**Student:** 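Handing you a structure now.
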Number of protein chains: 2
Amino acid sequence: MRNDTQTSTKDQILDIAESHFATFGFAGTSLRGIIKEANVNVASVAYHFGSKDDLFAAVMKRFAAPVVEAQLTRLRSEISKPDLTLEKVLRAFYEPPIQLVHSMGAKGEKLSLFLGRCHSEPEPIFSLVDAHFASCRDEFIEAFRTLDSSQSEASYQWRFEFMLSLIVNFLTRHKSIMQRYQTETDWNALEVVDMLCQFCMHGMSAPLQAKSSKTEK
Amino acid sequence: MRNDTQTSTKDQILDIAESHFATFGFAGTSLRGIIKEANVNVASVAYHFGSKDDLFAAVMKRFAAPVVEAQLTRLRSEISKPDLTLEKVLRAFYEPPIQLVHSMGAKGEKLSLFLGRCHSEPEPIFSLVDAHFASCRDEFIEAFRTLDSSQSEASYQWRFEFMLSLIVNFLTRHKSIMQRYQTETDWNALEVVDMLCQFCMHGMSAPLQAKSSKTEK
DNA sequence: AATCGATTCAATCGCCTGATTGAATCATAT
DNA sequence: ATATGATTCAATCAGGCGATTGAATCGATT
């Protein structure tokens, strides 16, 4: 094993790979583009990770998995206490990714793009991504059920989907959105979390059920 | 010009191209895959459309533009009447795409995927997509301003982004979402529109402003 | 029947893709 | 110093990519 003063080849590849997957998507990313920027040999990728798919999985595990873990740790902590509220659940979901991305500066921008983009990757990558987030979805949906058991099963699913929609869109687009009405690209993480939580909290207070009883053709 | 009993080469290419872009994304789609399934020659693509980018633009114009047009027509109609409400604006946004996709059956599934996916394409495709939807964003944001002029400019932008987030996520994921808790993949368009509108309407009733006055590091 | 523009065709260009090979190099333990 | 296993290297493979070419075919006009 090498004792590196600089980042190891493995980590170097992971860093650049995350950046490329985030910027170009899976299909738009080439191993050659990665290894060129990372100043490593092509074979290093195969040696350390295997195939391109395996590399993507490794990036997911390295960068996305900790976010999910933080969300779940936070959620479980909230559940273990009395007085669980919808807002606490929402904050458990939104705060970890937003805070992390925001605190990382330029690297956070890449992480943000990667986290957002991976949710809209075509198959078969999407299944891999979805599997990584399955436990997150399950536990948050369970929390919704705990908070209000009177809703339909579909309703809980949609709540999670809507909650997810907002952050996926935020992660992928916040940079260009902010540029549209701001000169500076700085933003306040707390304000963003508040905004997302408020929107979801009020949105979920709606019955999320058809109000019309008309049947379609 | 040829008098075709079957679909013309141009339309045949457009149809299959939409399907492939929807399924594999822009980078993941190959012209060879399209022309093989469409049973046409590679050169036909160059002849009728030009480059791969041009083909994508043509698909956008053919399939996505009418949706935006329908949304804007609907919105302008609502604005011209008295008693404009938030719900009417939301329905003007959600109904056209949902109804259209739902009424088209299997072809609607492809359109749905394409409409959703194109919003998360990497650059430079995203810019092309964004330009197509610019007028839509501007007019709906203007409608939000008309409904309530007391909010900040950023707030209107976020309202639109949140509204957009929900349908992008729905269009790309509704099939797999429904399969998760339903045996049948049938769905009721009116119920979906109601659901989206309700969520947004209540979400937007929130101030969409930071409730905390703490400043970050 | 001859002509002409529109369209389609097979064939090919140069380049890039992910993956693999076997040899060279490194770090370490003996 | 030498043997060993871990790592990196240049070189190469077969195949796919977008794009272009010039010839062949089509349909309509004269």
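In what follows, chains are A, B, ... by sequence order, proteins preceding strands, each numbered from 1. This is a predicted model, so every value here is computed, not measured.
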**Student:** Could you work out which one of C:dG18, D:dA6, D:dA19 sits closest to the side chain of A:L31?
**Tutor:** C:dG18
**Student:** Kindly say if A:H48 contacts the phosphate of D:dT8, meaning a side-chain N or O under 4.0 Å from OP1 or OP2.
**Tutor:** yes
**Student:** Quick one: is B:S30 getting a side-chain N or O under 4.0 Å of the D:dG16 phosphate, OP1 or OP2?
**Tutor:** no
**Student:** In whole angstroms, how far is the P atom of C:dG18 from the CD1 atom of A:I13?
**Tutor:** 14 Å
**Student:** Calculate the interatomic distance between B:F56 atom CZ and D:dG18 atom P; express it in whole Å.
**Tutor:** 14 Å
**Student:** Got a donor-acceptor contact below 3.5 angstrom from the A:Y94 side chain to the A:M163 backbone?
**Tutor:** yes
**Student:** Can you tell me how far the CD1 atom of A:I16 sits from the CG atom of A:D11, to the nearest 0.5 Å?
**Tutor:** 11.5 Å
**Student:** Whole angstrom is fine here: how far is it from CD1 in B:I35 over to C1' in C:dC9?
**Tutor:** 11 Å
**Student:** Taking atom C1' of D:dG18 as reference, at what distance in whole Å does atom CD1 of B:I34 sit?
**Tutor:** 11 Å
**Student:** Give the rounded distance in Å between these two atoms: NE2 of B:H20 and C1' of D:dC17.
**Tutor:** 15 Å
**Student:** Round to a whole Å and report the spacing from CZ of B:F24 to P of C:dT17.
**Tutor:** 20 Å
**Student:** Test B:E109 against B:K175 for side-chain contact (heavy atoms from CB on, under 4.5 Å), laying out the working first.
**Tutor:** CA-CA 8 Å; B:E109 288 299 325; B:K175 198 166 186 180; 3.6 Å; yes
**Student:** Determine, for nucleotides 10-15 of chain D in 5'-to-3' order, which nucleotides have protein heavy atoms under 4.0 Å from the base (write B), from only the sugar-phosphate (write S), or from neither (write -).
**Tutor:** B-B---
**Student:** Any chance you could measure B:Q157, atom CD, to A:M178, atom CE, to the nearest 0.5 Å?
**Tutor:** 10.5 Å
**Student:** Return the nearest nucleotide to the side chain of B:K52; candidates are C:dT8, D:dA19, C:dG18.
**Tutor:** D:dA19
**Student:** Rounding to a whole Å, what distance do you find between A:D53:CG and C:dT17:P?
**Tutor:** 16 Å
**Student:** Would you tell me if any nitrogen or oxygen in the side chain of B:S51 comes within less than 4.0 Å of OP1 or OP2 on D:dG18?
**Tutor:** no
**Student:** Keeping A:S77 on the side-chain end and A:T73 on the backbone end, is there a donor-acceptor pair under 3.5 Å?
**Tutor:** no
**Student:** How close or far is atom C1' of D:dT20 from atom CZ of B:F49, stated in whole angstroms?
**Tutor:** 18 Å
**Student:** Among the nucleotides C:dT8, C:dG18, D:dA19, which one has an atom lying closest to any side-chain atom of B:T9?
**Tutor:** C:dT8
**Student:** If we only count heavy atoms from C-beta on, is the A:V68 to A:Q71 side-chain gap below 4.5 Å?
**Tutor:** yes
**Student:** Taking ring-ring contact (aromatic ring centres under 6.0 Å, His included) as the test, write out the residues that go with B:F21, two or more places apart.
**Tutor:** B:F26, B:F56
